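Everything numeric here is computed off the predicted structure, so don't read it as measured data. Below, all heavy atoms of this structure are taken into account, side chains as well, without hydrogens, waters or symmetry copies.
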Amino acid sequence: MEENQKVQLLFTQLVLMFHAACVQHLGKMKNPITDKLEKDLPAAQSTIDMLDMLHQKTKGNLSAEEEQLLTQVISELKLT
(Lines give C-alpha, C1' and ligand atoms only; values in the text may rest on other atoms or scores of the structure.)
Protein backbone atom coordinates (compact mmCIF):
# COMPACT_ATOMS: atom_id res chain seq x y z
CA MET A 1 0.00 0.00 0.00
CA GLU A 2 1.37 3.38 -0.98
CA GLU A 3 1.87 6.05 1.68
CA ASN A 4 -0.78 8.30 0.14
CA GLN A 5 -3.35 5.48 0.17
CA LYS A 6 -2.47 4.68 3.77
CA VAL A 7 -2.93 8.31 4.83
CA GLN A 8 -6.27 8.52 2.97
CA LEU A 9 -7.46 5.33 4.67
CA LEU A 10 -6.41 6.62 8.10
CA PHE A 11 -8.20 9.93 7.47
CA THR A 12 -11.37 8.06 6.48
CA GLN A 13 -11.14 5.91 9.61
CA LEU A 14 -10.71 9.01 11.79
CA VAL A 15 -13.78 10.71 10.31
CA LEU A 16 -15.86 7.54 10.65
CA MET A 17 -14.67 7.08 14.25
CA PHE A 18 -15.91 10.58 15.10
CA HIS A 19 -19.16 9.84 13.23
CA ALA A 20 -19.80 6.65 15.22
CA ALA A 21 -19.04 8.38 18.51
CA CYS A 22 -21.41 11.23 17.69
CA VAL A 23 -24.22 8.89 16.61
CA GLN A 24 -23.80 7.10 19.92
CA HIS A 25 -23.87 10.40 21.85
CA LEU A 26 -27.05 11.37 20.01
CA GLY A 27 -28.71 8.19 21.30
CA LYS A 28 -29.07 6.64 17.85
CA MET A 29 -26.73 3.71 18.55
CA LYS A 30 -26.30 1.60 21.69
CA ASN A 31 -23.34 2.16 23.97
CA PRO A 32 -21.30 -1.05 23.47
CA ILE A 33 -20.35 -1.14 27.15
CA THR A 34 -23.81 -0.68 28.70
CA ASP A 35 -25.80 -2.04 25.72
CA LYS A 36 -28.23 0.88 26.18
CA LEU A 37 -29.20 3.92 24.16
CA GLU A 38 -27.79 6.93 25.98
CA LYS A 39 -27.93 10.61 25.05
CA ASP A 40 -25.10 12.99 25.80
CA LEU A 41 -25.89 16.06 23.71
CA PRO A 42 -22.93 18.17 24.96
CA ALA A 43 -20.56 15.36 23.91
CA ALA A 44 -22.31 15.12 20.53
CA GLN A 45 -21.92 18.88 20.02
CA SER A 46 -18.25 18.68 20.99
CA THR A 47 -17.69 15.92 18.45
CA ILE A 48 -19.38 17.92 15.70
CA ASP A 49 -17.27 20.94 16.68
CA MET A 50 -14.11 18.82 16.37
CA LEU A 51 -15.15 17.69 12.89
CA ASP A 52 -15.84 21.32 11.93
CA MET A 53 -12.38 22.29 13.20
CA LEU A 54 -10.79 19.42 11.29
CA HIS A 55 -12.61 20.58 8.15
CA GLN A 56 -11.35 24.15 8.59
CA LYS A 57 -7.76 23.11 9.32
CA THR A 58 -7.54 20.73 6.36
CA LYS A 59 -9.24 23.01 3.81
CA GLY A 60 -7.32 22.86 0.54
CA ASN A 61 -5.36 19.77 1.61
CA LEU A 62 -7.98 17.09 1.06
CA SER A 63 -8.70 14.97 -1.98
CA ALA A 64 -12.14 15.35 -3.53
CA GLU A 65 -13.24 12.09 -1.90
CA GLU A 66 -11.98 13.13 1.54
CA GLU A 67 -13.65 16.54 1.23
CA GLN A 68 -16.94 14.93 0.20
CA LEU A 69 -16.82 12.42 3.07
CA LEU A 70 -16.08 15.04 5.70
CA THR A 71 -18.71 17.47 4.39
CA GLN A 72 -21.33 14.71 4.18
CA VAL A 73 -20.63 13.41 7.70
CA ILE A 74 -20.78 16.89 9.23
CA SER A 75 -24.02 17.71 7.40
CA GLU A 76 -25.64 14.44 8.43
CA LEU A 77 -24.71 14.87 12.09
CA LYS A 78 -25.90 18.47 12.20
CA LEU A 79 -29.26 17.47 10.71
CA THR A 80 -29.62 14.66 13.24
With Gln56, which residues qualify under side-chain contact (heavy atoms from CB on, under 4.5 Å), at least two apart? none
Out of curiosity, Gln68 CD to Leu70 CG, how far, rounded to the nearest 0.5 Å? 11.0 Å
According to the salt bridge (charged side-chain N to carboxylate O under 4.0 Å, His left out) rule, which pairs have a member within residues 40-68, sequence neighbours left out? Asp52-Lys78
Which atom pairs, one a donor and one an acceptor, fall under 3.5 Å between side chains of residues 21-32 and the rest of the protein, sequence neighbours left out?
residue, atom, partner, partner atom, Å
Asn31, OD1, Ile33, N, 2.8
Asn31, ND2, Glu38, OE1, 3.0

Quick one: does any side-chain atom of Gln72 pair with a main-chain N or O of Leu69 as donor and acceptor, under 3.5 Å? no
Run the side-chain contact (heavy atoms from CB on, under 4.5 Å) test on Leu16 and Phe11 for me, step by step, so that the C-alpha distance in whole Å, both residues' side-chain angles and the decisive distance to 0.1 Å come before the verdict. CA-CA 9 Å; Leu16 294 179; Phe11 181 81; over 6 Å; no
To the nearest 0.5 Å, how far apart are NE2 in His55 and CD1 in Ile74? 5.5 Å
Determine, using the 4.5 Å side-chain heavy-atom cutoff (strictly less than), whether Leu62 and Leu14 are members of one ILVMFWY cluster. yes
Hey, could you give me each pair passing salt bridge (charged side-chain N to carboxylate O under 4.0 Å, His left out) that has a residue in residues 4-14? Not counting sequence neighbours. none
Could you tell me which residues satisfy side-chain contact (heavy atoms from CB on, under 4.5 Å) with Leu79, sequence neighbours excluded, listed by chain and number? none
Would a single hydrophobic cluster contain both Val15 and Val7, if residues Ile, Leu, Val, Met, Phe, Trp and Tyr are joined by side-chain heavy-atom contacts under 4.5 Å? no
Separation of Thr71 OG1 from Glu76 CD (nearest 0.5 Å): 13.0 Å
Sorted by chain and residue number, the side-chain contact (heavy atoms from CB on, under 4.5 Å) partners of Gln13 (sequence neighbours excluded) come out as Leu9, Leu10
Reported OG-to-CG distance for the pair Ser46 and Leu41, which is rounded to 0.5 angstrom: 12.5 Å
